[in-house]
Amino acid sequence: MKKILITTPIYYVNDLPHIGHAYTSVICDVLARYNRLNGNSVKFLTGTDEHGQKVENAALKKNIDPLKFVNQVSQNFFKLTDFLNLTNTDFIRTTQNRHKTSVQFFWQRLVENNQIYLADYEGWYSIKDECFFQEKELVKNGNNFVTRDGSNVEKIKEESYFFRLSNWQNNLLDFYEKNKDFIKPESRRNEVISFVKNGLKDLSISRTSFKWGIKVPNDEKHLVYVWLDALTNYITALNYPSVDQDFKEYWENSTHIIGKDILKFHAVYWPAMLMAVKLNPPREILAHGWWTNEGKKISKSLGNTIDPKILVDKFGADQFRYFMLREVPLGQDGDFSEKSFIKRINSDLSNSLGNLIQRTLKLHFKHFENKVQISLHEIRISQEILDEGYSLFSTIDKNIENFEYNKALEKIWSYIDKLNQYIDKQEPWNLVKEDKTKASEVLTLLIESFRLIGIILQPFTPESANKILNLLNIDFKEREFSFCRKEYCISKGTIINEPKSLFPRYNDQIS
Ligand code: ME8
């Protein structure tokens with residue numbers, strides 16, 4: 001049994017959750033469930049990033065006290081974990097006391113290790129990105145500078161503490177070299193390496209011009225820079241400042257899953273800061289792609305954010321999870337449209353999978369009452385259809401390791417397609433009239449393959465997977481991946497419940 005830590009970014013509470021946040025959280029949930037089904041102990045962490053100028057401004061705009069404001073907005077992210085069926089084991093908020101203690105201790109360790117000095121910062125700051133920029137990183141928009149992503153920047157000049165990031169350039173490059181899988185996908189790894197090779201400047205890590213944040217120990221006019229505050233959440237949740245055996249074991253197997261927008265913070269600043277306090281970097285970072293809405297950037301100002309709650313209420317959590325995971329490879333950008341959403345879930349979930357299970361179990365129920373009639377060991381026909389099912393598990397393992405979730409689903413559905421071809425070829429609805437034993441054999445083989453599909457789909461579409469396993473009366477203790485072998489096959493006499501529709505079909509003629 002391995003101890004594994006999986007984390008989402010902690011989301012800013014200046015705004016409501018949208019499908020981008022839901023996407024990252026679902027990816028983490030799949031990995032968490034997958035690992036648990038393989039017998040590992042998983043901590044799955046998510047939460048909210050509640051300090052900084054952006055959040056303070058959002059509260060001021062609403063004329064609400066920042067703490068009251070973050071208490072309200074954080075709830076929306078908390079609810080996300082519920083309606084998406086996330087199996088997170090913790091929900092961290094950076095306004096919690098445990099986190100304040102952890103950040104201030106982390107800061108002290110940087111001071112003790114001579115990693116911080118006081119100076120003046122003069123330069124550009126984007127409140128939207130909570131990020132400092134050098135002028136050469138900006139572009140002109142009329143008379144103003146903006147970031148390459150179009151965020152406004154303002155010139156700031158204030159006293160600031162600096163982290164000696166420039167000292168860590170070679171250690172970082174060494175680390176990337178020795179840990180080739182640290183940043184995934186590879187294209188992102190190359191970007192990070194060339195960014196670091198270009199030279200690192202010391203990083204401003206405190207602010208003095210607003211009030212909403214964690215105070216710097218022994219210098220209360222400074223607030224800890226919100227990114228140092230936020231990144232530390234990952235170790236707060238492991239009980240930092242205590243670094244015990246449990247901490248080490250989870251940290252050694254930690255995966256940060258993030259969007260490509262915040263890769264620099266996670267793959268450059270965070271490992272450097274960790275090394276500076278003599279802790280190891282996390283095991284790996286996956287930076288996934290960006291979702292647009294019908295080709296347009298999702299943004300509040302364009303009024304085109306998509307509320308995942310509305311989609312889940314309308315179509316179901318599994319349908320949402322399936323679409324987001326199946327539609328695009330994780331490293332690539334994806335485009336959302338309700339039309340492609342409905343098309344995908346109708347074709348894969350309702351037609352291919354739902355219909356197959358429905359018609360098989362209906363036929364079984366009608367002709368063989370509610371019991372499996374024959375032991376699988378007595379069946380001599382069509383063994384290859386089962387062998388392929390059993391072997392799915394090892395094939396998919398590689399896909400999960402490489403974050404190729406869409407490929408994993410593609411393989412499961414290509415197996416489902418084969419089962420559809422099999423039933424069409426065998427025509428058990430005719431066989432029952434001519435050769436009832438053979439009909440029972442065909443249906444039993446299909447039922448066993450549904451057991452395998454039910455088990456393997458649990459990380460991706462947990463509710464429907466459980467419905468399938470419940471129809472087949474599979475014991476809860478026998479739903480782990482280790483039961484996907486022939487010796488645990490469905491046994492003669494197992495009660496098969498009357499099938500109910502698993503996935504409704506939706507009208508795809510929307511305007
Ligand atoms: O950056 N497509 O928080 P944030 C895909 N608080 N993913 C998207 C997305 C989109 N259109 N929009 C958002 C922060 N995301 C910091 C993080 S962590 C120590 C601190 C997802 O609320 C994606 O995971 O802006 C992205 O990295 C994250 O939300 C940014 O969330």
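Numbering of ligands and ligand atoms starts at 1, following listing order.
- Of the possible donor and acceptor atoms, one in the side chain of Thr24 sits under 3.5 Å from a partner among the backbone N and O of Gly20.
- An N or O contact shorter than 3.5 Å links Gly259 to ligand 1 by distance.
- In terms of protein heavy atoms, atom 12 (N) of ligand 1 is closest to His18 CE1, 3.1 Å.
- Heavy atoms of His288 approach ligand 1 to within less than 4.0 angstrom.
- Protein heavy atom at the shortest distance from atom 31 (O) of ligand 1 is Tyr11 CD2, 3.7 Å.
- Without hydrogens or angle criteria, Ser350 side chain to Pro504 main chain gives a donor-acceptor distance under 3.5 Å.
- No hydrogens or angles considered: nothing links the side chains of Arg283 and Asn179 as a donor-acceptor pair under 3.5 Å.
- The residue from Trp270, Phe77, Trp290 that puts a heavy atom closest to atom 13 (C) of ligand 1 is Trp290.
- Residue Asn233 places no N or O, backbone or side chain, under 3.5 Å from any N or O of ligand 1.
- The shortest N or O to N or O distance between Tyr234 and ligand 1 is not below 3.5 Å.
- Ligand-side atoms of ligand 1 in range of Gly289: 5 (C), range being under 4.0 angstrom from any heavy atom.
- Using modelled atom types and a 3.5 Å distance limit, the side chains of Asp348 and Tyr322 yield a donor-acceptor pair.
- With a 4.5 Å cut-off on side-chain heavy atoms, Tyr161 and His222 count as touching.
- With respect to the salt-bridge test (charged N to carboxylate O, under 4.0 angstrom), the residues Lys314 and Glu338 qualify.
- Here's the thing with Thr24: one of its N/O atoms is less than 3.5 angstrom from an N/O atom of ligand 1.
- For Lys264, the NZ atom is densely surrounded, since the number of other residues' heavy atoms within 6.0 Å is greater than 12.
- Among protein heavy atoms, atom 29 (O) of ligand 1 sits closest to His21 CD2, 3.4 Å.
- Proximity of His266 to ligand 1 is established by a heavy-atom distance of less than 4.0 Å.
- Taking any N or O of Trp227, backbone or side chain, none lies under 3.5 Å from an N or O belonging to ligand 1.
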- Message: Checking Asn239 against Arg98 for the side chain to side chain donor-acceptor pair (under 3.5 Å) test, could you report, in this order, the C-alpha distance in whole Å, the side-chain angles of both residues, the deciding distance, and whether it holds?
- Response: CA-CA 8 Å; Asn239 284 335; Arg98 60 169 172 164; 6.0 Å; no
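- Residues Asp120 and Glu158 form no side-chain contact, since every pair of their non-hydrogen atoms from C-beta on lies 4.5 Å or further apart.
- For ligand 1, the polar-atom distance check against Tyr12 finds a nitrogen or oxygen pair separated by under 3.5 Å.
- Near Asp49, meaning under 4.0 Å from any of its heavy atoms, are these atoms of ligand 1: 6 (N), 16 (C), 20 (C).
- The nearest protein atom to atom 30 (C) of ligand 1, hydrogens excluded, is given as Asp261 OD2, 3.8 Å; this is a heavy-atom distance.
- Closest to atom 11 (N) of ligand 1, if we only count protein heavy atoms, is Trp291 O, 3.1 Å.
- Residues Thr94 and Glu50 have side chains that never bring a donor and an acceptor to within less than 3.5 angstrom of each other.
- Of the protein's non-hydrogen atoms, the one nearest atom 1 (O) of ligand 1 is Ile262 CG2, 3.5 Å.
- Between Phe132 and Tyr125, the ring planes are perpendicular. Angles over 60° get that label, and only those under 30° would be called parallel.
- Of the polar atoms of Ile10, at least one N or O is found under 3.5 Å from an N or O of ligand 1, judged by distance alone.
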